[in-house]
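Heads up: the structure comes next, in structure tokens.
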Amino acid sequence: MISLTFPDGASRDYPSGTTAAEVAASIAPSLAKNAISASLDGRHIDLAWPIETSGALAINMLKDAAPALELIRHDLAHVMARAVQELWPDVKVTIGPVRDYGWFYDFDRAEPFTPDDLAAIEAKMRQIIAARDPVRTEVWDRARARAHYEAAGEPFKLELLDRIPGDEPIRMYWHGDWQDLCRGPHLQHTGQLPADAFKLTHVAGAYWLGDASRPMLQRIYGVAFRTKDELKAHLTMLEEAAKRDHRKLGREMELFHMQEEAPGMVFWHPNGWAIYRELEAYMRRRQIAYGYKEIKTPQVVDRMLWERSGHWEAYRENMFIVEVDEEGAKEKRINALKPMNCPCHVQVYNHGLKSYRDLPLRLAEFGSCHRYEPSGAMHGLMRVRGFVQDDAHIFCTEDQIEAECAAFLEMLSGVYRDLGFETFDIKLSTRPDVRVGSDAIWDKAEAALAGAIDKAGYPYEVNPGDGAFYGPKLDFKLTDAIGREWQCGTFQADFNLPSRLGAEYIGPDGATHTPVMLHRAILGSFERFLGILIENYAGKLPFWLAPRQVVVASIVSDADAYVEEVTAALRLAGIRAEADTRNEKINYKVREHSLGKVPVILAVGQREVAERTVSMRRLDQQGSRSLALDEVVACLRDEATPPDLRASAAK
RNA sequence: GCCGGUUUAGCUCAGUCCGGUAGAGCAGCUGAUUUGUAAUCAGAAGGUCGGGGGUUCGAAUCCCUCAACCGGCACCA
């Protein structure tokens, strides 16, 4: 006998091997009918599986969102695979996991799927759901399963079978005549699937087992929810996300463009460059405040240095090579556009003998880097071939790592807060199997990073073995306004490069030592971070970052001279202001500048000219406010003050 | 880099299946209008149909090829 405890606290005894379906039936017929699965001690199980241990049992219904969504998405993956094989019997099935808001399933088929195929598959899936085919499961032994898939000619399933660990049961399951290998759990019958709350979204190629050396399969993605309304809400959310796409906003707000002659490189326009400069100026002030010294190093550097640093061997394929066609040169110099700044920073460090008294030495650079990214990787500002990092390298002793890490955490959290990101996640990656440096130094560095985060009071996740070969690292992921995560900040200890490039200092003992180098960035790349900012704010940047802060618009042409005067006064106060004296109605101007995300419109008509006032309208707010010219300049100047300067002025 | 899709006026898109000398809206330009907080009216103009090659009497349309972009996959020091 086993004893099962229910969510209401009651418990009952059942013979060992009783299924959750039988338990449900023993409680109420309606429960048995509407149940979708069960949870035994928090483990999600199938209603049809025999239960052999006592524990806490909950019968899951459609209202239990987490198990319901998992089952719906999971079973829809199978239903889709069945639909595809019923439509095209020669298609081979592979694997189809639940993911994000739905699932995908990879198929091996010579012909790619078309949008029309997706519609046909959806229709077939609805037929299968309408058939209310019961789900049946069996545990098979490995040999039988192998024989089955050999006979069926399903090579991918055979490979999956071989990857199932020896101690795990091989589960087969059916709905209708269609069979698949799957660990489960599953719904009772296909009729429990919501026929109107799923949608096949797109087709894409995907490598078998995620391995670029294996065949490319055809992947079909779907999304699914419990109800039609939830699906609709999801599709609406996607539309909203598309509206804040930085590539679209970049065009609409005239921030930047990219073109065929320079793929992956940004042509910044005046508006976009205004944001960039504001952000750079802000970061420069922060760095100065935290004791960094700014430097600037060359972009074109002889391959010799990259050979010494080790980058040539590892990343040469991804570097832009620069040669000069010198007539008669015996040996051509091969240069590379720098893909990163660290080797150059070590060169700066290496100039002049360093003492332990010089440490920690924090060298910062807004370093312009180029990497030849694979063509398919490029994506607007998010992934580019030419970018600028808010890069810095801290040369220090092992004992200084923790304090440097603590100071960095403080700086990073402050920057993220100022830029509108209140929360971020930290990931600590520790020593990998292949690494440089003694265990003693890894112990010390890992403890220093963990200690600094602990003392600062931040939670973090450890990724064992995920560190770089040269040292442990912290990665910082921020969350944007619509819940997406972006890895931006990084803090990496490096026990390799300083010795490789001959960095040294004289210690208090008079002997020569090798410093530790800390690579760190907060924004990552300016290009990408601006993309994130634009999407986070949907183009409506806070006033201090807004590219066009104020438009002064005339209502009648008699006000033109005064409009120019107001504009000039605002510009004198350091505000990015523009005059709009075009021969258009004020409605037209308000609409156009509102769509252009200008935060403040100052309308000026005869009344304002006479009274020397302006009528101020805020973006997305109805109505306007009349203010005296002096008053509005002072008020907007205050509002345009970057958060760091505001904070220091307040002290 | 791989799979699929896309590329037509500054922008958004129709025309491509079934080859017959390129079309709309908005923007821009010109003129009228002097306007009070999200599109005033009228007129004229604007395109080597992504590049190159081929088939054809004739190609935006069919074929080949290159490129860029979009969605994924792989990659991301």
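Computation of the quantities below employed the complete heavy-atom set of this structure, encompassing side-chain atoms and omitting hydrogens, waters and symmetry-equivalent molecules. To find a chain, count down the sequence lines: A is the first, B the second, and so on, and within it residues start at 1.
Proximity of A/Asn587 to the phosphate of B/rA38: a side-chain N or O atom is located under 4.0 Å from OP1 or OP2. Between B/rA27 and A/Tyr588, a contact under 4.0 Å exists linking OP1 or OP2 to a side-chain N or O. Phosphate proximity of B/rG36 to A/Arg607: absent, as no side-chain N or O sits under 4.0 Å from OP1 or OP2. At B/rU37, none of the side-chain N or O atoms of A/Gln621 fall inside 4.0 Å of OP1 or OP2 (strictly under the cut-off).
With 3.5 Å as the limit, one finds no donor-acceptor pair spanning the side chains of A/Glu254 and A/His269. At a cut-off of 3.5 Å, with distance as the only test, no side-chain donor of A/Asp116 or A/Thr114 sits close to an acceptor on the other residue. A donor-acceptor contact closer than 3.5 angstrom links the side chains of A/Asn341 and A/Gln389. With no hydrogens or angles considered, no side-chain donor-acceptor pair links A/Ser499 and A/Thr514 at under 3.5 Å. With no hydrogens or angles considered, no side-chain donor-acceptor pair links A/Trp88 and A/Glu111 at under 3.5 Å. Side-chain atoms of A/Trp486 and A/Asp480 include a donor-acceptor pair closer than 3.5 Å. Checked by atom type, the side-chain pair A/His311/A/Glu313 shows no donor-acceptor distance below 3.5 Å. Residues A/Thr490 and A/Asp475 have side chains that bring a donor and an acceptor to within less than 3.5 angstrom of each other.
Taking atom CZ of A/Arg316 as the reference point, atom C1' of B/rA77 lies 16 Å away to the nearest angstrom. A/Tyr315 places its OH atom 9 Å from the C1' atom of B/rC76, with the value rounded to the nearest Å. The interatomic distance linking A/Glu584 (CD) with B/rC26 (P) rounds to 13 Å, in whole Å. When the P atom of B/rA77 is taken as reference, atom CE of A/Met340 falls 8 Å away, rounded to whole Å. Distance CG (A/Asp580) to P (B/rU37): 16 Å, rounded to an integer number of Å. Atom-to-atom, NE2 of A/His379 to P of B/rC75 comes out at 18 Å; the value is rounded to the nearest Å. A/Leu602 has its CG atom 14 Å from the C1' atom of B/rG36, to the nearest Å. The NE2 atom of A/His257 sits 15 Å away from the P atom of B/rA68 (whole-angstrom rounding).
Picking from B/rA77, B/rA38, B/rG71 the nucleotide with the shortest atom distance to the side chain of A/Val590 gives B/rA38. Among B/rU34, B/rA38, B/rC69, the nucleotide with an atom closest to any side-chain atom of A/Ser557 is B/rU34.
Listed by chain and number, the residues in a ring pair (Phe, Tyr, Trp, His ring centres under 6.0 Å) with A/Phe104 are A/Tyr221 (sequence neighbours excluded).
Of all nucleotides present, only B/rG54 satisfies the Watson-Crick or G-U wobble test against B/rC62, with each distance under 3.5 Å. Base pairing of B/rA67 is made with B/rU7, judged by Watson-Crick or G-U wobble geometry with both donor-acceptor distances under 3.5 Å. Across the strands present, B/rA45 finds no partner; the criterion is a Watson-Crick or G-U wobble pair with both atom distances under 3.5 angstrom. Searching all strands for a Watson-Crick or G-U wobble partner of B/rA32 with both distances below 3.5 Å returns B/rU40. Base pairing of B/rC2: its partner is B/rG72, meeting the Watson-Crick or G-U wobble criterion (both donor-acceptor distances under 3.5 Å). B/rU16 is unpaired under the Watson-Crick or G-U wobble criterion, no partner having all donor-acceptor distances under 3.5 Å.
When the C1' atom is compared between B/rA44 and B/rU6, the two are found 34 Å apart, to the nearest whole Å. Nucleotides B/rG43 and B/rA24 place their P atoms 13 Å apart, quoted to the nearest Å. Taking atom C1' on both B/rC18 and B/rU61, the two are 10 Å apart, rounded to the nearest angstrom. Going from the C1' atom of B/rA77 to that of B/rG52 covers 38 Å, rounded to whole Å. Taking the P atom of each, B/rG25 and B/rA42 are spaced 11 Å apart, rounded to whole Å. With both ends at atom P, the span from B/rG50 to B/rG15 equals 15 Å, rounded to whole Å. When the P atom is used for both B/rG36 and B/rC29, the distance is 23 Å, rounded to whole Å. Here the separation of B/rG28 from B/rG71, taken at their P atoms, is 29 Å to the nearest Å.
Side-chain atoms of A/Val633 and A/Leu570, non-hydrogen and from C-beta on, do get closer than 4.5 Å to each other. In this structure, the side chains of A/Leu497 and A/Tyr470 stay at 4.5 Å or more apart for every pair of heavy atoms. Considering only heavy atoms from C-beta on, A/Gln347 stays 4.5 Å or farther from A/Thr297 through its side chain.
Applying the 3.5 Å distance criterion, the base of B/rC73 shares no donor-acceptor pair with the side chain of A/Arg214. With hydrogens and angles ignored, a donor-acceptor pair under 3.5 angstrom links the side chain of A/Asp620 to the base of B/rA38.
Residue-level contact check: A/Arg247 touches the backbone only, with heavy atoms under 4.0 Å from sugar-phosphate atoms and none from bases. When heavy atoms are screened at a 4.0 angstrom cut-off, A/Gly210 is found touching the sugar-phosphate backbone but no base atom. Within the 4.0 angstrom heavy-atom criterion, no nucleotide atom of any strand lies near A/Glu254. Across all strands shown, A/His593 has no heavy atoms under 4.0 Å from either base or sugar-phosphate atoms. At the heavy-atom level, A/Arg617 lies under 4.0 Å from base atoms of the strands shown. Nucleic acid contact class of A/Ala314 (heavy atoms, under 4.0 Å, all strands): none. Nucleic acid contact class of A/Gln606 (heavy atoms, under 4.0 Å, all strands): base. Nucleic acid contact class of A/Leu595 (heavy atoms, under 4.0 Å, all strands): base. A/Ile555 comes within 4.0 angstrom of a nucleotide base, judged by non-hydrogen atoms across all strands. At a threshold of 4.0 angstrom between heavy atoms, the contacts of A/Arg99 are confined to the sugar-phosphate backbone, with no base atom among them. The residue A/Arg582 sits close only to the backbone: its heavy atoms come under 4.0 Å of sugar-phosphate atoms, none of a base.
Along RNA chain B, the nucleotide nearest A/His370 and the nucleotide nearest A/Asp245 are compared for position; the residue whose nucleotide lies closer to the 5' end is A/Asp245. Between A/Ser624 and A/Val556, the residue anchored closer to the 5' end of RNA chain B is A/Val556, taking for each the nucleotide with the nearest heavy atom.
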Tabulated below should be each protein N or O lying under 3.5 Å from an N or O of nucleotides 1-4 of chain B; please produce it.
| residue | atom | partner | partner atom | Å |
| --- | --- | --- | --- | --- |
| B/rG1 | OP2 | A/Ser375 | OG | 2.5 |
| B/rG1 | N7 | A/Gly376 | N | 3.1 |
| B/rG1 | N2 | A/Tyr207 | OH | 2.5 |
| B/rC2 | O4' | A/Tyr207 | OH | 3.2 |
| B/rC3 | O2 | A/Gly205 | N | 3.3 |

Could you go over nucleotides 9-14 of chain B and give all protein N or O partners under 3.5 Å, atom names and distances?
| residue | atom | partner | partner atom | Å |
| --- | --- | --- | --- | --- |
| B/rU12 | OP1 | A/Arg251 | NH2 | 3.2 |

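To the nearest 0.5 Å, the span separating CZ on A/Phe387 from OG on A/Ser368 amounts to 8.5 Å. Atom-to-atom distance recorded for A/Met253:CE and A/Asn271:CG is 7.5 Å, nearest 0.5 angstrom.
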